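Written below as C-alpha cells is the structure these notes are about.
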Amino acid sequence: MVSGKFLPLPYFLLDEELTILDHSRPASDIFLIGDNFITLVDEENRQKVSHYIQPDVSEIDIELNMKTKHDPLAVFHISVKWEGKKAHVLCVEKTKEVDTLSSQLTKLRSRLSETDFELLEKKEELEDAIARIHKLSGPFIPLYAEAGLVPLFGDLQADTLQVIEENILYRIEEGEYEQVFFDFHAVGNITDEGKRQLGQLFETIQLMGTKTVIVGLSPKQVQGLKSKGTLQAASMNSLKQAISKYIKKQNRK
C-alpha cells in the first residue's frame with residue numbers, strides 16, 4: 001500500500017471521528033495539523049463538514065473555507081472517498097486570482113447594461129480579464145519528473161480550451177512528461193464544441209508520446225463525450241486512485 005506521506009497533494013486519512021490518522025508532506029507544509037481535521041476548517045464551515053464527511057456519504061466533492069499557515073480563510077476543493085471506516089481526503093486550493101478576476105468580470109458586465117460609453121472604455125480590460133480567467137481554468141501542476149496534473153474549473157468551451165491548450169502542450173514538451181492527469185471534479189457544463197476541442201487536445205498529447213488520464217467525470221459528462229467520440233483517454237473515478245496506480249507502476253520499474 002502506498003503511504004499517504006508521499007502523495008504530491010495535500011492528503012489526509014481520517015477515521016469516523018475525523019481524527020487524522022495520516023497525512024501527506026504537502027499537507028503539513030500548508031496546514032498547522034492537529035489531531036482532528038475539523039480544526040483545519042473555518043468555524044462557519046464545520047457544520048458542513050459534519051454533514052457531508054461521514055461514512056454514509058461514500059464519495060463527495062465539496063468546497064470548504066480552511067485555515068492555512070499563510071491564510072486564515074482559503075477556499076479548497078475537497079474530494080472525499082470512504083474505504084470502510086476510513087476516509088481518504090484530497091485538498092486542492094482554488095486559485096484566488098480566478099475568484100478575483102471573476103468578480104471583476106461580473107462588475108464589468110453589469111456596467112454594460114448601464115452605460116454603453118463606459119463599456120467601450122472598458123472593452124480592452126474586459127477582454128483581458130476573460131483571457132486571464134481562461135488561462136487559469138486549466139493550470140499545469142508538475143507532480144513528479146514524469147507526471148503532471150491539469151485541474152479544470154468551470155464550464156468548458158472551445159475558446160477556453162484553446163487558450164489553455166498552448167500552455168499545456170508547451171509544458172508537456174518542455175518537461176518530457178510521460179503522463180498527464182486531467183481532473184474534471186470542478187467542471188460544470190461541456191459544450192459540443194468543447195468536447196470536440198478536448199478530443200483534439202487528447203489526440204495531440206498522445207501523438208507527443210504522453211499518456212492522458214481523465215479523473216472525476218460525471219456520468220452525464222462521460223455519456224456526452226462518448227457520443228461525440230472524443231473520449232480517447234483512460235478514465236478513473238478519483239485523483240487519489242489515479243496517482244496511487246501511477247506510483248505503484250513506477251515502483252515496479
Side-chain angles (χ1 to χ4, degrees), residues 4-15 17-54 57 60-81 87-108 125 128-144 148-155 160 164 167-168 171 181-188 215-216 238-240 243:
K5 290 182 173 60
F6 301 104
L7 287 175
L9 293 174
Y11 161 81
F12 295 92
L13 179 65
L14 312 178
D15 64 12
E17 302 299 325
L18 304 187
T19 302
I20 298 174
L21 306 176
D22 190 15
H23 60 82
S24 64
R25 290 174 181 172
S28 59
D29 292 338
I30 295 173
F31 301 102
L32 289 171
I33 297 175
D35 295 329
N36 197 285
F37 183 77
I38 200 73
T39 63
L40 308 179
V41 180
D42 178 67
E43 283 77 2
E44 294 185 1
N45 273 203
R46 291 183 178 181
Q47 186 175 357
K48 186 176 181 180
V49 171
S50 301
H51 183 72
Y52 289 109
I53 304 182
Q54 55 170 298
V57 184
I60 193 169
D61 294 285
I62 58 175
E63 285 186 5
L64 292 176
N65 296 328
M66 301 185 70
K67 303 174 183 179
T68 70
K69 292 180 179 179
H70 308 291
D71 192 339
L73 196 65
V75 181
F76 279 80
H77 177 82
I78 309 298
S79 296
V80 183
K81 183 175 180 62
H88 301 281
V89 181
L90 277 177
C91 308
V92 178
E93 186 172 10
K94 295 192 67 176
T95 307
K96 290 185 177 180
E97 191 173 353
V98 171
D99 296 333
T100 301
L101 291 172
S102 295
S103 176
Q104 293 175 353
L105 182 58
T106 301
K107 291 178 182 178
L108 288 170
E125 182 181 346
D128 181 62
I130 292 173
R132 291 170 65 193
I133 288 175
H134 287 343
K135 288 182 180 179
L136 290 168
S137 295
F140 189 97
I141 303 172
L143 296 180
Y144 298 97
L149 167 68
V150 179
L152 298 169
F153 301 97
D155 295 337
T160 303
I164 67 175
N167 177 57
I168 292 171
R171 295 294 297 277
F181 303 99
F182 285 83
D183 187 355
F184 280 72
H185 279 108
V187 171
V215 180
S238 72
L239 184 58
K240 176 183 179 295
I243 293 176

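Everything quoted here is computed from the prediction, not taken from an experiment. In this chain, residues are counted from 1 in sequence order.
For H23, the side chain to side chain donor-acceptor pair (under 3.5 Å) criterion is met by no residue, not counting sequence neighbours. Listed by chain and number, the residues in a ring pair (Phe, Tyr, Trp, His ring centres under 6.0 Å) with F76 are F31 (sequence neighbours excluded). For E43, the salt bridge (Lys or Arg N to Asp or Glu O under 4.0 Å) partners are R46, K67, not counting sequence neighbours. In this structure, Q54 has no side chain to side chain donor-acceptor pair (under 3.5 Å) partners at least two apart in sequence or on a different chain. In this view, I141 and L149, P151 satisfy the side chain to side chain contact (heavy atoms under 4.5 Å, CB included) rule, not counting sequence neighbours. Residues passing the side chain to side chain contact (heavy atoms under 4.5 Å, CB included) test with D155, sequence neighbours excluded: N189.
In this structure a side-chain-to-backbone donor-acceptor pair under 3.5 Å is present from S24 to L9. The backbone N or O of N65 sits less than 3.5 Å from a side-chain atom of N45, completing a donor-acceptor pair. Judged by distance alone, with hydrogens and angles left aside, the side-chain atoms of N36 form a donor-acceptor pair with the main-chain N or O of E17 at under 3.5 Å. Side-chain atoms of K69 come within 3.5 Å of backbone N or O of S28 as a donor-acceptor pair.
Looking at I78, L73, V75 one by one, the single match for side-chain contact (heavy atoms from CB on, under 4.5 Å) with M66 turns out to be I78. Considering V49, L14, I60, L90 as possible partners of V80, the one that fulfils the side-chain contact (heavy atoms from CB on, under 4.5 Å) test is I60.
Between P142 and R171, some side-chain heavy-atom pair lies under the 4.5 Å cut-off.
Taken from OG1 in T39 to CD1 in I20, the straight-line distance is 5.5 Å, to the nearest 0.5 Å. For the atom pair CZ (F182) and CZ (F140), the distance works out to 8.0 Å, reported to the nearest 0.5 Å.
The two atoms that bring F37 and I53 nearest to each other are CE2-CD1, 4.0 Å, heavy atoms only.
In this structure, D29 places its CG atom where more than 12 heavy-atom neighbours from other residues, nucleotides or ligands lie under 6.0 Å away.
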